[in-house]
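Read through the structure below, which is laid out as structure tokens, and then see the notes.
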Amino acid sequence: MGNTVVKVEGLRKRYRLGVIGGATLGDELKVLVARLRGRPNPLVPLDQVENDQRVGQDFWALNGVSFEVEQGQILGIIGRNGAGKSTLLKLLSRITTPTEGRIRMKGRVSSLLEVGTGFHQELTGRENIYLNGAILGMNKAEIDGKLDEIIAFSGIRHHIDTPVKRYSSGMKVRLGFAVAAHLEPEIMIIDEVLAVGDADFQRKCLGKMKDVASSGRTVLFVSHNMLSVRSLCTRVIWLQDGRVEMDGPTDEVVQRYLSIYADLSDTVEWTAADA
């Protein structure tokens with residue numbers, strides 16, 4: 001792969017919408033018998049009509065996505081809600097598997113996808129730091145060397161020995177980012193969770209991600225905040241309906257993305273005859 005640390009080829013992810021089948025084998029047999037006799041689905045209430053979502057219509061969250069990321073690059077991923085951004089990051093983080101296509105990654109991966117992801121709610125903040133380090137393949141001595149730095153960056157020293165289940169969403173994000181950034185993964189994957197933090201913490205995070213990239217590690221960053229994307233990313237991928245709409249320099253992609261949606265008006269005008 002050379003200096004390429006992430007290589008995605010023909011990636012597709014399919015989900016089945018709505019209710020899929022019954023809760024038991026007996027339910028499935030009832031549906032099968034009714035279908036063979038040309039009768040309606042017996043599991044659908046009498047006052048409802050069976051629709052495509054109830055029978056499991058296919059939905060392609062990603063449909064033929066391909067790209068490569070070089071070592072030390074900060075890649076921004078933008079797009080409207082439902083474009084496939086979070087699905088892509090879950091596939092890269094190996095939380096779920098692709099329906100088709102291939103992902104090749106070189107190095108340890110640390111992800112911060114949702115508030116509290118990767119934390120054991122009953123363990124304290126300190127214990128979760130060691131847990132995450134162990135998952136990344138670090139030994140206790142390596143984590144010991146980073147512990148004070150992680151706690152200081154998170155800014156929750158007074159709560160570090162409190163179970164994570166008692167943390168606010170902002171505290172979880174603070175600790176989660178501190179862990180993800182300081183345990184030295186080769187690839188950092190950050191979803192739109194930094195928005196939960198305050199402005200000062202967001203500035204700290206952006207600065208830390210720049211430091212991570214300058215040290216030769218790679219960052220994949222999803223955000224709806226175009227100012228953050230422009231200040232941080234050297235390259236941007238724009239996803240639209242599960243496909244790569246545009247891939248290129250940050251300013252070009254962001255400007256095109258904003259211009260497209262600036263043309264979408266929420267105003268409706270009628271002529272005098274139609275009003």
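- Hydrophobic clustering (side-chain heavy atoms under 4.5 Å, transitive across Ile, Leu, Val, Met, Phe, Trp, Tyr) groups V236 together with I260.
- Atom CZ of R230 is surrounded by more than 12 heavy atoms from other residues, nucleotides or ligands within 6.0 Å.
- Closest non-hydrogen pair, S228 versus F221, comes out as CB-CE2, 4.2 Å.
- Between the side chain of K13 and the main chain of N63, no donor-acceptor pair closer than 3.5 Å is present.
- In this structure the side chain of F119 reaches within 4.5 angstrom of the side chain of N132, judged on heavy atoms.
- N128 has its side chain out of reach of V179: every pair of non-hydrogen atoms, C-beta onward, lies at least 4.5 Å apart.
- Closest of all the heavy-atom pairs between S66 and G10 is OG-N, 2.7 Å.
- Under the 4.5 Å side-chain criterion, counting only non-hydrogen atoms from C-beta, I156 is in contact with Y167.
- The backbone N or O of N139 sits less than 3.5 Å from a side-chain atom of E142, completing a donor-acceptor pair.
- Note that NZ of K204 is 10.0 Å distant from CZ of F177, once rounded to the nearest 0.5 Å.
- A continuous path of Ile, Leu, Val, Met, Phe, Trp and Tyr side chains, each step under 4.5 Å between heavy atoms, connects I95 with L62, placing both in one hydrophobic cluster.
- Between R102 and L11, the shortest heavy-atom contact is N-CD1, 4.5 Å.
- Not a single donor-acceptor pair under 3.5 Å links the side chain of D191 to the backbone N or O of L89.
- By the criterion of side-chain heavy atoms lying less than 4.5 angstrom apart, applied directly or through intervening Ile, Leu, Val, Met, Phe, Trp or Tyr residues, L131 is not grouped with V109; the two fall into different hydrophobic clusters.
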Listed pairs under 3.5 Å, donor-acceptor, residues 239-249 side chains, sequence neighbours left out:
| residue | atom | partner | partner atom | Å |
| --- | --- | --- | --- | --- |
| Q240 | OE1 | Y261 | OH | 2.7 |
| D247 | OD1 | R235 | NE | 2.9 |
| D247 | OD2 | R235 | NH2 | 2.8 |

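- Within the 4.5 Å cutoff, the side chain of T124 has no heavy atoms near those of the V164 side chain.
- For the pair E186 and R217, the salt-bridge criterion is not met [side-chain N within less than 4.0 Å of a carboxylate O].
- Nearest approach of A181 to K208, heavy atoms of both residues: CB-CG, 3.8 Å.
- Grouping the Ile, Leu, Val, Met, Phe, Trp and Tyr side chains by contacts below 4.5 angstrom, directly or via other members, places W60 apart from L91.
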Practice problem: Give the intermediate values and the outcome of side-chain contact (heavy atoms from CB on, under 4.5 Å) for residues F67 and L88. | Solution: CA-CA 12 Å; F67 62 89; L88 174 60; 3.9 Å; yes

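- Taking a cutoff of 4.0 Å between a charged side-chain nitrogen and a carboxylate oxygen, K165 and E122 qualify as a salt bridge.
- Distance check: Q255 CD to M226 CE gives 13.0 Å after rounding to the nearest 0.5 Å.
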Exercise. Check the pair K30 / R35 against side-chain contact (heavy atoms from CB on, under 4.5 Å), numbers first and verdict last.
Key: CA-CA 9 Å; K30 290 178 184 177; R35 186 177 302 161; over 6 Å; no

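- When every heavy atom of G133 is checked against every heavy atom of I143, the shortest pair comes out as CA-CD1, 3.6 Å.
- In this structure, the separation between OG1 on T250 and CD1 on I78 is 9.0 Å, given to the nearest 0.5 Å.
- S214 contributes a side-chain N or O that, together with a main-chain N or O of D211, makes up a donor-acceptor pair within less than 3.5 Å.
- Using a 4.5 Å heavy-atom cutoff, the side chains of L75 and V219 are not in contact.
- The closest side-chain heavy-atom distance from M209 to L206 is below 4.5 Å.
- Cluster membership check: Y130 does not share its hydrophobic cluster with L123, using side-chain heavy-atom separations under 4.5 Å among Ile, Leu, Val, Met, Phe, Trp and Tyr.
- Between the side chain of K85 and the main chain of R80, a donor-acceptor pair closer than 3.5 Å is present.
- Taking 4.5 Å as the limit, some side-chain heavy atom of L175 sits within range of a side-chain heavy atom of I160.
- Note that CD of E70 is 6.5 Å distant from CD of E68, once rounded to the nearest 0.5 Å.
- Counting heavy atoms from C-beta on, the side chains of I187 and M105 come closer than 4.5 Å.
- In terms of heavy-atom proximity, V8 sits nearest to V65 at CG1-O, 3.3 Å.
- In terms of modelled atom types and a separation under 3.5 Å, the side chain of Q71 and the main chain of G216 share a donor-acceptor contact.
- Here the side chain of T99 pairs a donor or acceptor atom with the backbone of R14 at under 3.5 angstrom.
- With hydrogens and angles disregarded, a donor-acceptor distance shorter than 3.5 Å links the side chain of T218 to the backbone of G72.
- The OG atom of S154 sits 9.0 Å away from atom NE2 of H182, with the distance rounded to the nearest 0.5 Å.
- Screening L92, I189, L220 for a side chain to side chain contact (heavy atoms under 4.5 Å, CB included) with S111, the sole residue that qualifies is I189.
- With S223 contributing its side chain and N225 its backbone, the two residues share a donor-acceptor pair below 3.5 Å.
- Between the side chain of K210 and the main chain of L232, no donor-acceptor pair closer than 3.5 Å is present.
- Note that OH of Y15 is 9.5 Å distant from CZ of F59, once rounded to the nearest 0.5 Å.
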